[in-house]
2 protein chains.
Amino acid sequence: MARACQLMQQSLARELAYLDIKPPHLDILVNLFRFEGISQQELARKLLVGRSNMSMLLPQMEKRGLIERRGDKQDKRVLRLYLTEAGRRLTREAMTIQTALIDRMMSDAPIEECELMTTHMERVITLLLKDEREPLETVVDQ
Amino acid sequence: MARACQLMQQSLARELAYLDIKPPHLDILVNLFRFEGISQQELARKLLVGRSNMSMLLPQMEKRGLIERRGDKQDKRVLRLYLTEAGRRLTREAMTIQTALIDRMMSDAPIEECELMTTHMERVITLLLKDEREPLETVVDQ
DNA sequence: ACTTTATTGTTCATAGTTGAACATTATTGG
DNA sequence: CCAATAATGTTCAACTATGAACAATAAAGT
């Protein structure tokens with residue numbers, strides 16, 4: 001199953017190349033599309049990556065004119081993120097590609113199953129995130 | 001869903017640390033466990049990684065006494081891979097950890113669903129591998 | 001037999017991700 | 001008010017994975 005995800009990432013990467021972006025950029029764009037005004041830290045948490053990663057990617061996307069980073073008025077530490085018009089356009093194109101790929105993947109799976117699976121996945125995510133805080137010896141006890 | 005896989009990899013990595021190995025090593029061990037005598041190239045294909053990757057990891061595992069690499073008699077290019085006794089022991093422990101993790105993940109999902117999902121995943125994999133050979137303009141035609 | 005093409009494994013330069021250390025700013029406790 | 005603690009974003013060194021270039025060997029075409 002991990003293999004399938006790996007392959008899907010590769011396929012996605014290959015098709016996103018037409019737009020000159022990569023999966024990490026898409027992740028960022030999509031999240032900003034829905035949660036405009038989010039901070040770098042919040043974005044990193046949503047994507048499950050380190051904030052240093054954001055510090056590498058975001059300035060580069062800003063230079064490319066896809067996003068904007070404006071300092072928060074109340075808290076001078078945080079930078080709030082916004083899509084530019086160009087960024088929004090690109091995001092829509094990229095999401096088209098992505099959904100096309102997903103459709104192709106799931107074409108022969110009934111819809112209810114997909115939804116069931118995603119709810120399972122979400123539960124798994126919350127479960128794992130909880131574990132992350134407790135190093136849990138329970139598995140290696142004996 | 002990609003996030004769930006990512007998190008599962010991280011959890012697995014954290015628990016495998018007790019055995020001083022990482023997910024890539026586990027992948028190798030498990031595959032050798034079932035397909036002893038495989039070549040480096042075949043192993044790389046199964047794991048969907050480049051063969052250069054194998055050239056990095058395998059010598060290191062050989063030095064650690066987990067595997068053995070013996071040259072094929074008929075074809076002097078290939079190195080065939082075998083688990084040592086220590087490697088087999090370690091593999092069993094690691095698989096225990098892995099299956100425990102998976103069980104915890106899927107504890108609240110009915111078994112038939114899991115199986116359905118894996119068959120879907122396998123179909124997806126073969127589908128994507130086929131795509132890989134045809135760059136397919138079909139998605140970006142318009 | 002011999003040239004060409006393909007395959008296997010290795011090496012190396014490259015790119016992506018991470019965690020630790022740091023500076024800056026907020027928050028909390030005395 | 002001030003010290004201690006925490007949070008945000010940046011930088012940097014380390015690690016991983018990759019693809020291209022390469023040497024050795026095999027297979028195919030002539």
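The figures that follow rest on heavy atoms only: side chains count, while hydrogens, waters and symmetry mates do not. Naming: A, B, ... by sequence-line order, numbering from 1 per chain.
- In summary, B:Asp27 and A:Arg3 engage in a salt bridge, as defined by a charged side-chain N under 4.0 Å from a carboxylate O.
- Taking atom NZ of residue B:Lys76 and atom P of nucleotide D:dA24, one finds them 13 Å apart after rounding to whole Å.
- Under the 4.0 Å criterion applied to side-chain N and carboxylate O atoms, A:Glu15 and A:Arg104 are assigned as salt-bridge partners.
- What separates CG of B:Asp27 from C1' of D:dT16 is a distance of 14 Å, to the nearest Å.
- Ion pairing of B:Glu62 with B:Arg64 is absent here, as no side-chain N (NZ or NE/NH1/NH2) approaches a carboxylate O to less than 4.0 Å.
- A salt bridge does not link B:Glu42 with B:Arg45: none of the charged nitrogens is closer than 4.0 Å to a carboxylate oxygen.
- When side chains are defined from C-beta on, B:Tyr18 does not count as touching B:Glu93, because their heavy atoms never get closer than 4.5 Å.
- We find that CD of A:Gln41 is positioned 12 Å from P of D:dT10, with the value rounded to whole Å.
- Remark: the A:Arg77 side chain and the C:dA26 base include no donor-acceptor N/O pair separated by less than 3.5 Å.
- Counting heavy atoms from C-beta on, the side chains of A:Ile67 and A:Thr84 never come closer than 4.5 Å.
- Residue B:Glu42 is classed as having no contact, given no heavy-atom separation below 4.0 Å to the nucleic acid.
- Residue A:Gln74 places no side-chain N or O under 4.0 Å from the OP1 or OP2 atom of C:dT25.
- Here the CZ atom belonging to B:Arg89 is positioned 13.0 Å from the CG atom belonging to B:Leu29, to the nearest 0.5 angstrom.
- Distance B:Asp75 CG to D:dA23 C1': 15 Å, rounded to the nearest Å.
- Atom pair A:Lys73:NZ and D:dT8:P shows a separation of 19 Å (rounding to whole Å applied).
- A:Arg69 comes within 4.0 angstrom of the backbone, heavy atoms only, and of no base.
- We find that CZ of B:Arg80 is positioned 13 Å from C1' of C:dG9, with the value rounded to whole Å.
- The nearest whole Å value for the distance from the CG atom in A:Leu7 to the C1' atom in D:dA17 is 15 Å.
- Between the CG atom of A:Asp72 and the C1' atom of C:dT27 there is a distance of 15 Å, rounded to whole Å.
- For C:dT10, the OP1/OP2 oxygens have a side-chain nitrogen or oxygen of B:Gln40 closer than 4.0 Å.
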### Query
What one-letter contact string describes nucleotides 12-23 of chain C from 5' to 3', where B marks a base within less than 4.0 Å of any protein heavy atom, S marks contact via sugar-phosphate atoms alone, and - marks no contact?
----SSBB----

